[in-house]
Amino acid sequence: MTVPAARPVRTPAPAPGHDPHADLRDAVGRWFGETARDLPWRAADRTAWGVLVSEVMLQQTPVVRVEPAWRDWMARWPEPADLAAAATADVLRAWGRLGYPRRALRLQECARAIVERHDGEVPLGEEALRALPGVGEYTAAAVTAFAHGRRAVVVDTNVRRVLARAVGGTALPAPSYTAAERATAAAVAPPGDADAVLWAAASMELGALVCTARAPRCGACPVRDACAWRRAGRPGDEHAARRRTQAWAGTDRQVRGRVMAALREAPGPVPRGVVAEVWHDAAQLDRCVASLVEDGLVEQVDDLYRLPA
DNA sequence: AATCCGGGGTA
DNA sequence: TACCCAGGATT
C-alpha cells in the first residue's frame, strides 16, 4: 500500500481566511490512513497501465467484482502493447460479466492508441488522457492522480455524495453532475500534488465504505460532527421524485447481454438458430444483434455469428 | 440534459 | 422488487 500517508494534524490555529475545507480533508485523510482497503491497483508495484485498466473496469462495476478480473487481465496483458496485439474475441471473453462490454472494446482501442501515439506509455496530462477511447473526465483525473501522482480533481459517484452531504447538506447529489458541484470539488481539492492525491483516494473511499448511498454509517464517520447533512438532521432526498431506475427485464440491454453471453461461452462461430434461442421476440433480437454488429462487438459471416477476431 | 449501455449483490 | 455501483459516448 503506497497511498500517501495522512498529513500530520494541523497544529497551528487556522489563520483568518484559511482554507475552510482543511479540517474536512485532514480528518478524512487520517481515517483513510487507518482503514484503506488493500486493493491491487494501489500496490507499490502498480503501473500506470494497471491503474488505467482498473479505472475503466470500475466504471459502473463494483470493486469486489473487478478485483479478480483485473488480476487475470494484468497477468495476461501486463502492458498496453500486449492488449493491443490480442485478439478481440479473447479480450471480450476475459471481460466476462463485468458488464457494458463496449468498455472492453474501448480499452483495447485505448491500448492501441497508447502504442501508436504515446510509444506504449500511458500519457501524462488530463488532456492527452481524455483523447483516449473510453477515457472521460473522471478517468483522466483518476489516472493523473493515482498513476502519475499529480494533482487532479477526482469526482466519482462517491465523492459527489460525500460533498453533497458534508458540504452541501443534502442527502444525495442532483441526478446529473452540475457546474456548481464541479466548482465545489475544485475548491475542496488541496493545491499540492501529494495532498490532492490523498484527498482523492480518501474521499472516494469514505463514500464507498461509510458515506454510502443506501445506509450511511454516520456513527463511524470521521467528519460526522462537521457534516452539514447530519447537522441538519439528515433531511430526505429532494431529488427523489426525479430519479428513475433504469428498467432491466425485457430491455435491449438484457437481450444484448444474453447474445454476448452466448457468444462468449461458445468456442467458435454460433449458428443463427442457436442465437435465436436466447430471446423469444425475434424482431427485438434481430434489432439487438444488428446493434451489436454496429458496435463492433459481434461479427456476422453468412449464417454464423461470432466475437470479432 | 437526457438516453443508452450489463450485470449482480443487497435491503 | 428496487436500488446501487471509482462513467462514457452520443444525441
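Per chain, numbering begins at 1; letters A, B, ... match sequence-line order. Since the structure is predicted, the reported quantities are computational estimates derived from the model, not experimental observations.
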Distance between P atoms of dT3(B) and dA6(C) (Å, rounded): 24 Å
What I want to find out is whether [X] reaches [Y] closely enough, with some N-O distance under 4.0 Å, to be called a salt bridge.
X	Y	answer
Arg93(A)	Glu265(A)	no
Arg258(A)	Glu277(A)	no
Arg25(A)	Asp19(A)	yes

Go through the N and O atoms of the side chain of [X] and the base of [N], and report whether any donor-acceptor pair is under 3.5 Å.
X	N	result
Arg214(A)	dC4(C)	no
Arg65(A)	dG7(B)	yes
Arg97(A)	dG7(B)	no
Thr139(A)	dG8(C)	no

Minimum-distance nucleotide (side-chain atoms of [X] versus [options]):
X	options	value
Arg106(A)	dA9(C), dC5(B), dC3(C)	dA9(C)
Asp252(A)	dC5(B), dA6(C), dC5(C)	dC5(B)
Ala213(A)	dC3(C), dG8(C), dC4(C)	dC4(C)
Arg253(A)	dA6(C), dG6(B), dC4(C)	dG6(B)
Gln246(A)	dA2(B), dC5(B), dA6(C)	dC5(B)
Met204(A)	dA9(C), dC4(C), dA6(C)	dA6(C)

Presence of [X] side-chain N/O under 4.0 Å of [N] phosphate oxygens OP1/OP2:
X	N	result
Thr157(A)	dA6(C)	no
Thr61(A)	dC5(C)	no
Gln59(A)	dG7(C)	no
Arg244(A)	dC3(C)	no
Arg264(A)	dG7(B)	yes
Arg161(A)	dC5(C)	yes

Atom pair distance, as rounded to whole Å: [atom1] in [X] and [atom2] in [N]:
X	N	atom1	atom2	value
Asp237(A)	dC4(C)	CG	C1'	13 Å
Leu132(A)	dG7(C)	CG	C1'	16 Å
Trp95(A)	dG8(B)	CH2	P	14 Å
Leu98(A)	dG9(B)	CG	P	12 Å
Glu109(A)	dA9(C)	CD	P	10 Å
Leu58(A)	dG6(B)	CG	C1'	15 Å
Leu129(A)	dG8(C)	CG	P	12 Å
Leu206(A)	dA6(C)	CG	P	13 Å

Between Glu55(A) and Arg130(A), which has a closest nucleotide on DNA chain C that is more 5'? Glu55(A)
Knowing that exactly one of Arg214(A), Arg242(A), Arg243(A) qualifies, which makes a salt bridge (charged side-chain N to carboxylate O under 4.0 Å, His left out) with Asp237(A)? Arg243(A)
Mind checking [X] for me? I need base, sugar-phosphate or nothing, with any heavy atom below 4.0 Å counting as a touch.
X	result
Gly99(A)	base
Val135(A)	sugar-phosphate
Pro175(A)	nothing

First of Arg103(A) and Val64(A) reached from the 5' end of DNA chain B, by closest nucleotide: Arg103(A)
Between Asp295(A) and Arg242(A), which has a closest nucleotide on DNA chain B that is more 5'? Arg242(A)
Apply side chain to side chain contact (heavy atoms under 4.5 Å, CB included) to residues Tyr100(A) and Arg103(A) and explain how you reach the verdict. CA-CA 6 Å; Tyr100(A) 295 137; Arg103(A) 289 184 293 159; 3.5 Å; yes
Can you find a heavy atom in the side chain of Arg264(A) that is under 4.5 Å from one in the side chain of Arg97(A)?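 Arg264(A) vs Arg97(A): side chains touch.
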May I have the step-by-step check of side chain to side chain contact (heavy atoms under 4.5 Å, CB included) for Arg165(A) and Thr170(A), ending in yes or no? CA-CA 5 Å; Arg165(A) 289 175 179 164; Thr170(A) 60; 5.9 Å; no
